[in-house]
Amino acid sequence: DDEQRSQRRRGAAPYPRDKEGRTTRPAPEPAPIAIVGLDARFGPWSGRAEVAARLLGGGRPHAPARPDGWYGLDGAGFEGWYVGEIRVAPDRFRIPPVEVEAMLPQQALLLLVAAGALEDAPAVDPERAGVFVGIGLDLATTSYHFRWLVERRATGWARRLGIQPGSGEFEAWKGRLLDAAGPALSADRTAGGLGGLVASRVARAFRIGGPSFTLSSEEGSGLRAVEVAVRALRARRVDSALVGAVDLAGDVRAVRSRHAARPYGEDSRPGEGAAALVLERLDDAIAAGHAVHAVIRGVGGAIGVAGALERARAEAGLPGAEVLDADPVRSIGDAGAASGMANLVLAVAALAESVRPGRGGTSYWFSNRADGPRHVAVAATGEGGDGAAVVLAEAPSPSRATARPLGETAEALFLLVADDETGIAAAARRLATEEAGSIEALARRWWRAHPPDPARRLGAAVVARSV
């Protein structure tokens, strides 16, 4: 047929045929997806750079703190990294102030990090963009049920306390009791508490007119949202995707139930937070000159982490993609449905900074350029066994200034080249007269001024702490 003849004219082997003689075209290679925007907030750490530094073993130290707002219960033994106060200006988003006041903090936090990711990314076409959000159930929604329960039982409690039901004293006492239990449910609080509306609220706030989906899959919720967004981008249903994950897992009900199933310890503390990404097809990002944080090469989901990793690695064509020996829970706490996304933020930071975090500390990630870009796999699973995985590769070129999460090096490498030993000695004397300041900055200046010269007969490598 015409397609087969076209293949032959291009010098390519014709497509094979099936048993019925029909041409079988090979499946197209999954398009790589670029991460072009990122923001996060976990516990007291806010912003992409601050969260990345913490996950990589640096950043501002914060001692685990006792939780607030536990209805008078003592939080001793449950110290962790809680988000604390979340402030949203009434005119920050396209949401009426009365709705901002009524919505749960989970939605407010996600709106803030989504705004940060969009600010970090190039402008998106809202009509060709979609929103994909992974969440956990905000147990603050059950406060309304608690208030109703208190109201039903107030009469019996009052009689035992010697308060006459129906009296003015009773009504005043019951009012105080209900206020302590939580606010009454209203139309605005209904919209502010429905988890299924989270993605739609984000879409409305940023005038995004494409599809919006809210997903929940325990710790893998964020990675599942990434998977759905990647599929939509590859199918060209959208040109940009805003992906987020959020969980205020420090609620007393969440912490106590989690502790009953898997007790907390020194290496596993309560945590809370959110992260958001902006994605687009890598080819589009390169054509537009957009800066890229990292590249998603494969995604996969299955029952169990092993199956999810196998699928993501196979889709990426990288069966050897390693999983970093680092656990964000040790750095920022167990953030529930946002944990998988925290793992992804850690991997993006490691690739961008060329460092390898591990349980023994963070070290520089040396690699042979001939082997291609560095790549890494991240995965998450919950109590139900549903696994999600993503394979990432470093950006095709360093397009952003690095944040140096490990700080500047104490030692630096200098290359001296000449035709004889006298020339090497002269180069060493020139180096000794340079103004040092930072040894790392001096090494960069020296490398630019004295690049390798294969025509020279001799060379010497010097590792120095000072000159």
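Values below: every heavy atom of this structure, side chains too, minus hydrogens, waters and symmetry copies. Note that the structure is predicted; figures quoted are calculated from it, not measured. We count residues from 1, following the sequence as given.
Contact check on Arg48 versus Asp39 returns no salt bridge, with no Lys/Arg side-chain nitrogen under 4.0 Å from an Asp/Glu carboxylate oxygen. Between Arg465 and Glu440 there is no salt bridge, since none of the side-chain N atoms of the basic residue sits less than 4.0 Å from a carboxylate O of the acidic one. A salt bridge links Arg231 to Glu227: one of the charged nitrogens lies within less than 4.0 Å of a carboxylate oxygen. Salt bridge annotation for Glu353-Arg374: absent, with no cationic side-chain nitrogen under 4.0 angstrom from a carboxylate oxygen. Residues Arg128 and Glu280 are not paired through a salt bridge, judged by the lack of any N-O separation under 4.0 Å between the basic side chain and the carboxylate. A salt bridge does not link Asp283 to Arg281: none of the charged side-chain nitrogens sits closer than 4.0 Å to a carboxylate oxygen. Arg313 and Glu315 are not joined by a salt bridge, as no carboxylate oxygen comes within less than 4.0 angstrom of a charged side-chain nitrogen.
Side chain of Arg234 to backbone of Ala31: a donor-acceptor contact under 3.5 angstrom is found. With Arg258 contributing its side chain and Arg262 its backbone, the two residues share a donor-acceptor pair below 3.5 Å. Between the side chain of Glu79 and the backbone N or O of Gly77, at least one donor-acceptor pair lies under 3.5 Å. Although no hydrogens or angles enter the test, the distance criterion places no donor-acceptor pair under 3.5 Å between the side chain of Glu127 and the main chain of Gly209. Formation of a donor-acceptor pair under 3.5 Å by the Thr381 side chain with backbone atoms of Gly304 is not found in this model. In this structure, Gln106 contributes its side chain and Gly136 its backbone to a donor-acceptor pair below 3.5 Å.
By the 30° and 60° cut-offs, the orientation of the rings of His450 relative to Trp446 is tilted. By the 30° and 60° cut-offs, the orientation of the rings of Tyr264 relative to His259 is parallel.
Taken to the nearest 0.5 Å, the CZ atom of Arg330 stands 7.5 Å off from the CG atom of Asp327. The NE2 atom of His293 sits 8.0 Å away from atom CD1 of Ile35, with the distance rounded to the nearest 0.5 Å. Annotation: the span from Asp247 atom CG to Ser339 atom OG amounts to 7.5 Å, rounded to 0.5 Å. Atoms OH and CZ, from Tyr82 and Arg269 in turn, are 9.5 Å apart once rounded to the nearest 0.5 Å. With rounding to the nearest 0.5 Å, the separation of CG in Leu242 from CZ in Phe132 is 9.5 Å. Expressed to the nearest 0.5 Å, how far CG of Leu38 lies from CE of Met341 amounts to 8.5 Å.
Considering every non-hydrogen atom in both His290 and Val36, the closest pair reads CB-CG1, 4.5 Å. When all heavy atoms of Ala275 and Val345 are compared, the pair lying nearest together is CB-CG2, 4.0 Å. Nearest heavy-atom pair across Leu111 and Phe206 is O-CZ, 3.8 Å. Across all their heavy atoms, Pro373 and Glu394 have their closest contact at CA-OE2, 3.3 Å. Closest non-hydrogen pair, Ala241 versus Ala229, comes out as CB-CB, 3.9 Å. The two atoms that bring Arg41 and Leu109 nearest to each other are CD-CD1, 3.7 Å, heavy atoms only.
Checking Arg356 against Ser367 by side-chain atom types alone, no donor-acceptor pair falls below 3.5 Å. For the residue pair His62 / Arg60, a side-chain donor-acceptor distance below 3.5 Å is found, with atom types taken as modelled. Checking Ser217 against Asp386 by side-chain atom types alone, a donor-acceptor pair falls below 3.5 Å.
Summarising the local packing, CG of Asp68 is surrounded by 12 or fewer heavy atoms from other residues, nucleotides or ligands at distances under 6.0 Å.
Phe42 places none of its side-chain heavy atoms less than 4.5 Å from the side chain of Glu50. Leu392 has its side chain out of reach of Val295: every pair of non-hydrogen atoms, C-beta onward, lies at least 4.5 Å apart. Under the 4.5 Å side-chain criterion, counting only non-hydrogen atoms from C-beta, Val243 is not in contact with Val133. Side-chain atoms of Val150 and Leu178, non-hydrogen and from C-beta on, do get closer than 4.5 Å to each other. Using a 4.5 Å heavy-atom cutoff, the side chains of Ser221 and Ile135 are not in contact. Counting only heavy atoms from C-beta outward, the side chains of Phe93 and Leu112 approach each other to under 4.5 Å. Annotation: side chain of Pro32 is not in contact with side chain of Ile296 (no heavy-atom distance under 4.5 Å). A heavy-atom distance below 4.5 Å is not found between the side chains of Trp447 and Leu413.
With a 6.0 Å cutoff to the six-membered ring centre and a 45° limit on the axis angle, Arg256 does not count as a cation-pi contact of Trp70.
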Could you walk me through whether Val329 and Asp267 pass the side chain to side chain contact (heavy atoms under 4.5 Å, CB included) check? CA-CA 7 Å; Val329 172; Asp267 295 334; over 6 Å; no
Would Leu118 and Val278 satisfy side chain to side chain contact (heavy atoms under 4.5 Å, CB included), going step by step from the backbone distance to the final call? CA-CA 7 Å; Leu118 288 168; Val278 178; 4.0 Å; yes
Residue pair Val391, Val376: steps toward the side chain to side chain contact (heavy atoms under 4.5 Å, CB included) verdict: CA-CA 6 Å; Val391 172; Val376 66; over 6 Å; no
After noting the C-alpha distance and the side-chain angles of Arg445 and Leu442, does the key distance pass the side chain to side chain contact (heavy atoms under 4.5 Å, CB included) rule? CA-CA 5 Å; Arg445 293 200 309 272; Leu442 173 59; 3.3 Å; yes
